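For reference, positions follow the sequence shown, starting with 1. Computed from a predicted structure; not experimentally measured.
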Amino acid sequence: MDQRRWEDLDVDCLLIVLGRVGMESLLLGVPFVCKSWYKASLDPSFWQCLILPDFHDGFMVTRFSYFAKNQPWIATPFYRKFIRQYRISKYRFSMTGFVKLVVSRSRGNATSLSLPECSNRLLRLVANTCPSLKALSLPRNFVLRESSIIMELTEKLKHLESLSLGNSTDITEILSQISLHCKNFRRLDVFRASLCKDEALSIVKFVPNIEYLSLRRAIIRRCDLITLLQGCCELVFLDVSGTGFDEGDHEISMLASHISNFRCKGSS
């Protein structure tokens with residue numbers, strides 16, 4: 001009995017099937033089946049949500065150690081497979097080049113992007129190639145400080161609704177620009193932030209209608225948390241787990257009573 005070949009699969013059926021697989025399959029498996037599958041894998045609808053895998057396997061890795069020939073190249077299996085499949089020297093691999101490849105496949109239609117590594121150069125690439133981006137997540141060890149980068153990001157990502165930042169970030173400058181250019185912004189996640197009076201007031205001033213706010217393991221005084229609770233009346237989600245106040249504080253509980261999802265576990 002004759003068997004149908006994979007390349008003869010109806011295009012519409014193929015697109016439905018490929019829409020159910022993840023980035024790893026779209027990069028490392030599907031394109032190498034046949035030419036028609038490779039062409040189908042480039043459909044921009046598959047590349048709208050770009051959650052890039054972590055790069056490193058372990059914690060004992062120094063910055064840029066994977067570029068040094070006398071250092072072990074420690075990367076997750078995904079990236080090891082990628083350089084083998086695409087026949088790239090591990091010493092020539094760069095996260096900027098990888099992100100450029102993935103983002104180009106969205107043809108400007110990417111709406112979510114999570115970066116495992118970051119640099120100012122990479123952020124400029126994102127600003128220039130992802131005009132439809134709604135959610136951007138930066139690695140926790142990256143500090144977004146340079147004013148020109150912040151301005152360029154917010155001016156070009158006008159549809160941005162959600163931003164996840166690392167610790168020690170100057171959120172006052174970032175939020176001031178977001179308030180000017182990103183009118184649909186409603187979600188902020190800052191891990192291990194140090195929020196003083198000025199930072200708390202900047203959240204209230206620049207994004208008073210914010211709905212989702214995550215400040216896990218932040219350093220924040222009780223009075224500044226009260227400022228946030230009194231000033232951000234549209235909150236439906238607030239995570240202040242592991243921060244500096246008593247999770248059994250009655251006044252805090254009363255002020256947060258309108259928030260449908262209030263998390264303060266481990267606060268003391």
Side-chain angles (χ1 to χ4, degrees), residues 112-113 118 120 123 126-127 130-131 133-140 142-247 249-264 267:
S112 300
L113 176 62
C118 203
N120 288 340
L123 287 180
V126 171
C130 301
L133 207 62
K134 293 183 179 180
L136 175 62
S137 178
L138 304 183
R140 291 177 178 176
F142 179 75
V143 180
L144 182 58
R145 279 202 184 116
E146 192 172 322
S147 296
S148 62
I149 297 294
I150 295 172
M151 186 175 297
E152 188 170 349
L153 272 176
T154 54
E155 285 182 347
K156 294 184 177 180
L157 304 182
K158 296 184 182 298
H159 302 289
L160 194 67
E161 298 178 5
S162 172
L163 181 61
S164 180
L165 300 167
N167 58 345
S168 302
T169 297
D170 183 3
I171 65 171
T172 299
E173 173 67 18
I174 295 170
L175 293 180
S176 68
Q177 294 298 320
I178 283 177
S179 68
L180 293 174
H181 305 291
C182 308
K183 301 304 182 182
N184 295 322
F185 190 81
R186 59 192 181 96
R187 186 179 193 123
L188 178 65
D189 184 339
V190 187
F191 183 73
R192 283 185 175 174
S194 179
L195 266 74
C196 298
K197 178 180 178 180
D198 291 342
E199 284 78 13
L201 288 173
S202 70
I203 294 175
V204 173
K205 176 182 178 181
F206 295 122
V207 287
N209 296 322
I210 193 167
E211 298 177 12
Y212 302 85
L213 181 60
S214 178
L215 303 171
R216 288 165 296 163
R217 301 180 69 178
I219 300 173
I220 179 171
R221 297 182 304 172
R222 180 180 182 277
C223 60
D224 296 325
L225 177 57
I226 290 176
T227 297
L228 288 175
L229 291 171
Q230 292 177 334
C232 299
C233 299
E234 301 298 322
L235 283 171
V236 296
F237 175 92
L238 176 61
D239 189 350
V240 287
S241 303
T243 56
F245 75 98
D246 184 357
E247 65 175 291
D249 189 306
H250 178 70
E251 183 181 4
I252 296 292
S253 298
M254 290 298 293
L255 289 171
S257 60
H258 69 283
I259 302 174
S260 56
N261 193 343
F262 178 57
R263 302 181 183 181
C264 58
S267 298

Over all heavy atoms of both residues, which pair between [X] and [Y] is shortest? Give the atoms and the distance, please.
X	Y	answer
Cys182	Leu160	CB-O, 3.7 Å
Ile210	Cys232	CG2-SG, 4.1 Å
Leu229	His258	O-CE1, 4.1 Å
Cys118	Leu138	SG-CD2, 4.1 Å
Glu161	Phe185	O-CD1, 3.5 Å

Among residues at least two apart in sequence or on other chains, which ones pass salt bridge (charged side-chain N to carboxylate O under 4.0 Å, His left out) with [X]?
X	result
Asp224	Arg221
Asp198	none
Glu152	Arg124, Lys156
Lys134	none

Please tell me if the side chains of [X] and [Y] come closer than 4.5 Å, counting only heavy atoms from C-beta onward.
X	Y	answer
Ile203	Leu195	yes
Leu175	Leu188	yes
Leu225	Leu255	no
Leu228	Ile220	yes

With rounding to the nearest 0.5 Å, note down the distance linking [atom1] in [X] to [atom2] in [Y].
X	Y	atom1	atom2	value
Arg187	Ser214	CZ	OG	8.0 Å
Leu157	Leu133	CG	CG	5.5 Å
Cys130	Leu123	SG	CG	10.5 Å
Tyr212	Leu238	OH	CG	13.0 Å
Ser253	Phe262	OG	CZ	6.5 Å
Cys233	Ile259	SG	CD1	9.5 Å

Q: Report the residues that fulfil side-chain contact (heavy atoms from CB on, under 4.5 Å) with Glu155, sequence neighbours left out, ordered by chain and then residue number.
A: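 Applying side-chain contact (heavy atoms from CB on, under 4.5 Å) to Glu155 gives Met151, His181.
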
Q) What residues form a side-chain contact (heavy atoms from CB on, under 4.5 Å) with Ser179, not counting sequence neighbours? A) Phe206

Q. What residues form a side chain to side chain donor-acceptor pair (under 3.5 Å) with Asn261, not counting sequence neighbours?
A. Arg263

(Q) Among residues at least two apart in sequence or on other chains, which ones pass side chain to side chain donor-acceptor pair (under 3.5 Å) with Ser148? (A) Glu146

Q) So which pairs with a foot in residues 226-236 pass side chain to side chain donor-acceptor pair (under 3.5 Å), sequence neighbours left out? A)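 For residues 226-236: none.
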
Q. Checking side-chain contact (heavy atoms from CB on, under 4.5 Å) against Thr154, which of Leu180, Ile178, Ile149 comes through?
A. Ile178

**Q.** More than 12 heavy atoms from other groups under 6.0 Å of NZ on Lys205
**A.**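 Incorrect, the count does not exceed 12.
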
(Q) Going by salt bridge (charged side-chain N to carboxylate O under 4.0 Å, His left out), name the pairs with one or both residues in residues 206-218, residues two or more places apart or in two chains. (A) Arg186-Glu211, Asp189-Arg216

